[in-house]
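The structure under discussion appears below in the form of structure tokens.
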Amino acid sequence: MSLAPQVQTQSGSQGTPAIELRGISKAFGPVQANKDISIRVMPGTIHGIIGENGAGKSTLMSILYGFYHADSGEIFINGRRTLIPDSQAAIRAGIGMVFQHFKLVENFTVLENVVLGAEDGALLRPSLAKARAQLRQLAEEYELDVDPDARIEEIGVGFQQRVEILKALYRRADILILDEPTGVLTPPEADHLFRILRNLKAQGKTIVLITHKLREIMDITDTVSVMRRGEMTATVATRDTNPAQLAELMVGRKVLLRVDKTPAEPGAPVLEIDNLRVVDAKGVERLKGVSLAVRAGEILGIAGVAGNGQSELLEVLGGYMKGTGTVRVKGRPIDIAGHEDARDRRDAGIGHVPEDRQQAGLILDFAAWENIALGYHHRDAYGRGAMMDQAAMKADTADKMQRFDVRPPNPMLAAKNFSGGNQQKIVVAREIESGPDLLLIGQPTRGVDIGAIEFIHKQIVALRDQGKAILLVSVELDEILSLSDRIAVMFDGRIMGEKIAADTDANELGLLMAGITEGTA
Amino acid sequence: MDRMPRWADVLLVPLISLLLAAVISALVILAIGQNPWEALKIMVSGSVGSTYGWGYTLYYATNFMFTGLAVAVANHARLFNIGGEGQAVIGGLGVALIALYIPWPHWSLALLAAMVASAAFGAAWAAIPAVLQARRGSHIVITTIMFNFIAAALLNYLLVGPLKPAGTMETATASFPEATHIPSFRDMFSFGETILFRGTPANITFFIAILACLAVWLLIWKTRLGYEIRAFGFSEGAARYAGIGSTKIIMVTMLISGALAGMMAINNTLGEAERLILNAVEGAGFIGIAVALMGRSHPLGVFLAAILFGILYQGGSELGLTLAIPREMIVVIQALVIMFTGALDNMVRMPIERIFARRRARTPLSPPGPTLHPPGRVAPSSTPGTAATE
Amino acid sequence: MDWATLLQILDATLRLASPLLLACLAGLFSERAGIFDIGLEGKMLVAAFLAAGFAATTGSVWLGLLVGIAGSLALSAVHGLASITFRGNQLISGVAINFLASGLTVVVGQSWFAEGGRTPQLGDGQRFEELTFPGATEIRDLPILGSLYSEVLSGHTILVYAGLLAVPLSWWVLYRTRFGLRLRAVGENPAAVDTAGISVTRLRFAAVAIAGVLCALAGAQLSTAEPAAGFVRDMTAGRGYIALAALIFAKWRPFPALGACLLFGFLQALALRPALFQQSFGFSIQGQLLDAMPYILTVIILAGFVGRAIPPRAGGEPYVKER
């Protein structure tokens, strides 16, 4: 089965494990999310679980938290066999969970959120008073300061995450599970979180950290388990391993993230952005004066932690968000004040692979042949006057599916029935084949298997080599580094700096991503 | 991975739902001491056993086709237009105005004008909720309900006031002039001595309704606009990304929907009553919901469901004449059909899905399908409007 | 307008507002828990029918009320089954419930009493009587306060007072109890409640049941509380929808709900006396306009021209654990 060597060790297996899972399996319909998984986590340690998107990490932890039911397998908490049919049981067993998407009531106060479900009696007042006192104590103990009377919708994500941790601690959790906790955090916020986690560990708490970021695993965990396609491929002591080995275990073979490409031969500027500002629907300024240029025949990568304005940049350029400032494509000004929509952008020669293919790039209930026209359905190729030419659409789809190796190559199949990689290939085929002068591409390989990643990367480089301009946004630093010719780093709605890809490295970019420039460092 | 074959989705599920509704209706009839089998026989013979029965059945079916299409078109954009009732009321107003105040030389011109007027008035009545949904994010279900009541009050006001001819007591307009009378089935299909459809209201509008079914089918599945409507209905995010404007789609869809509901007035006002009366719509706007649900928002389905409800309506009113079952039994059956095909859809669907899943498990051919999708797509609520940016 | 007619109108306002208020609070509990309830109308109707029917046959209005509550709860259970258990469309379920009630009450009523869907006239003892407050007759002649007390406040049935009491009680339950906190939470973000180890299903069923009981009180008032004397077909006449309108008007809060219902009750009271309106305000207004006012006002509120009405965030969405 697995190509990887089975690294079977157990670091300091003295005493009873805080968590022990034996033979956990779980299927969602035809998808086997967890296959016969066993794992032991010792008390007072930080245990990492690493794997690609869709490897089954979150499912496993949701089972441990009683959110899903395992089809088979056993759970032992502190050596005792424990049934966890629901979250209540998990809480009773001393397990707390910080989900990737927070489970907070937005218009409740911090205090109300902490108390919810852990009230002391039928009346609210005493519970709130008690919680207020305890929050103050927890805040001092673990650097977990939050204003108890602030509403969740008024505080930042970093604080919201602290509320989630406080919720668990208030329920006297000894075991804390965090699912991709740093995805929404800036590097300083992530550092703060890790300080909190180390404090918790020092107090004897057991922590399980789910992530797909190797760096975090190496930084903070004591032991690490690797998951791949629903299976646990290895558990090792962190000090006995290295990122390369973990990466190999994650994907099942040597990872070659270097993309074969020749040096860029940039031509005239295709995209010129000057002082672009965006204020979102809530009145928050998301882009604070962005200026950059992308030239023909080059890939400009935008690096940054998610939520620092990259999405807004793509959406403004893609034509479905308003902004101020000037944007030119091939010298012609683009109206970003909201009078134009995404169709006008496509007509102006901008292709767009959106960050979220399931919410934006595809209509999951539409067949592949209907999706191939999405955004281009008004073009002459797909019909005449008010009517659509379905035969032409289907033929075109079959052709694109063949050239982009979409499997199965069936235009009649609904988009939801393709795997993530093949879905993404449909989107990429559509946008690249429309012949854009400028391609916007966001998170091109999120949730995509390795084979499809390589294919998509090659297509992007090929497009560049045809002399097109490409603006790449990705939160995966490795992807940015290997694919881009130039790299701009975004932080808090601003460009912190631009680097030549060949002359920079992860460390330098990491500082910029944290908002630290040479001047301030 | 689709969870069940298409035929099961399109035929099996609605049939079982219908059967459940029938069983419970039979229980109600039993409970009031009547014989459900007798009732069924009377309903069938009363509705389709004679040209007289057909003359009413198809008249009702015509109403339901229009209102059913109205709901169905809106459904495709995930808009729940519950305001067909009010839009049909106002459509009737449009018909009355052109019939009463413009002297028509021939019925065919009057019919054309009535089509335009009823559609325009119905569309106008749907336009305000549509604008409020598109621009202000006001929930269209609530606003269309409110507009039903406002329409009723408005018509009431007009029929006891400005539009009531002097010297009458009825809340109705004057009768329309002779020249506006459109051909009934009796006029069209009787020959020589044989009089068919005697005394029944079915009229030429039935064929307009069939054309409307066809037009809606073309619109939804063959035109770029239909593509945009369906895209918007399935995924607002993807529609935005594709440059399909939410305001445009909400407005256009609701205008078409309101126009279809309004056009029902050609049948009941120009065709049947030949004047505007207070309670002309008789709940047909709401039956449109049941018809659209049963017909899975497909024009062919709507056509068949409308005929079925026509049978139910005509047969149901025969019940009161022969057996001691009040006409309101129809309303009960209609409620059960809405409940089972609409709200309790999953109750029927989930066991069937499980059966098919088990059969499929025995014949392994399933490629991985990672995205699970909530089953069924039945007129969910929609609250677009404020485009939240995250 | 003289003092005596004003008192009359205020008295009628309170009486007419009361069923709206009870139904509105019913909707409030349901929608605050994330379940849209268009079926208020149907539940009121069934309760009105059963309460009058059983009061007439058993002679006990209290027994009638109890059966009315049971009937309303049965419809709540159907709504819960459809919208919570089977994650169906809550709006469609509500529409179906309204039709079911409208049809069943006539079909069953006709077979039961053979009076064209009516129940027999309720005599004394078979309906809720108007209560006279202590001292009401004695202080009637005191200026202003005395007459307000005895003419407006006193002289209603117990259900009217129940409705008025339900307002502070609802507020207290929602904002001061554990149940209320969880109820509001489940209407905003059911996942937060679920992960806190509380059953979303149970909470929502509880809310829907409370709505059933309150609707039953509203319905019973229409058919069995003086001056009403029996059930007439479709006697709710859109009150369930007006209650829904009031709920939006009140932005899903108890005390504003009282205000909205009093306002709509006042409009109904005015509509009952067109002549008086002309006489006191010097111009006539169409009764139909007054009838339509609650709906027009609600549309204006919904349009957000007078402060925005933001419904509970999870309203109308069945809860599915994400995958």
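Every chain is numbered from 1 and lettered A, B, ... according to where its sequence line falls, protein lines coming before strand lines. Remember, it's a predicted structure, so these values are computed and weren't measured experimentally.
Put simply, the side chain of B/Arg224 gets close to the backbone of A/Arg379: a donor and an acceptor are under 3.5 Å apart.
Open room surrounds CD on A/Gln359; 12 or fewer heavy atoms of other groups in view lie less than 6.0 Å from it. A 6.0 Å sphere centred on NZ of A/Lys26 holds more than 12 heavy atoms belonging to other residues, nucleotides or ligands.
Chosen from A/Gly361, A/Ala386, A/Gly385, A/Gly319, the residue pairing most often with chain B at heavy-atom distances under 4.5 Å is A/Ala386. Between chain B and the residues A/His377, A/Met387, A/Arg345, the largest count of heavy-atom pairs under 4.5 Å involves A/His377. Heavy-atom pairs under 4.5 Å with chain A were tallied for B/Gly245, B/Ala231, B/Ala239; the largest tally goes to B/Ala231.
The two residues B/Ala242 and A/Ala342 have their closest heavy-atom pair at C-CB, 4.0 Å. The shortest heavy-atom contact between B/Trp221 and A/Gln390 is O-NE2, 2.6 Å.
For A/Glu340, no part lies near chain B; criterion is any non-hydrogen pair under 4.5 Å. For B/Ile244, the part lying under 4.5 angstrom from a heavy atom of chain A is the side chain only.
Separation of atoms OG1 (B/Thr247) and CG (A/Asp341) is listed at 11.0 Å; rounding is to 0.5 Å. Going from atom CZ of B/Arg240 over to atom CE of A/Met321 covers 8.0 Å, rounded to the nearest 0.5 Å. Put simply, CD on A/Glu370 and CZ on B/Phe234 are 8.0 Å apart, with the number rounded to the nearest 0.5 Å.
Because its NZ or CZ atom is both nearer than 6.0 Å to the ring centre of B/Tyr241 and within 45° of the ring axis, A/Arg346 counts as a cation-pi partner of that residue.
Looking only at side-chain heavy atoms (C-beta outward), B/Glu228 and A/His378 stay at 4.5 Å or farther from each other.
Ring planes of A/Phe366 and B/Tyr227: tilted class, angle from 30 to 60°.
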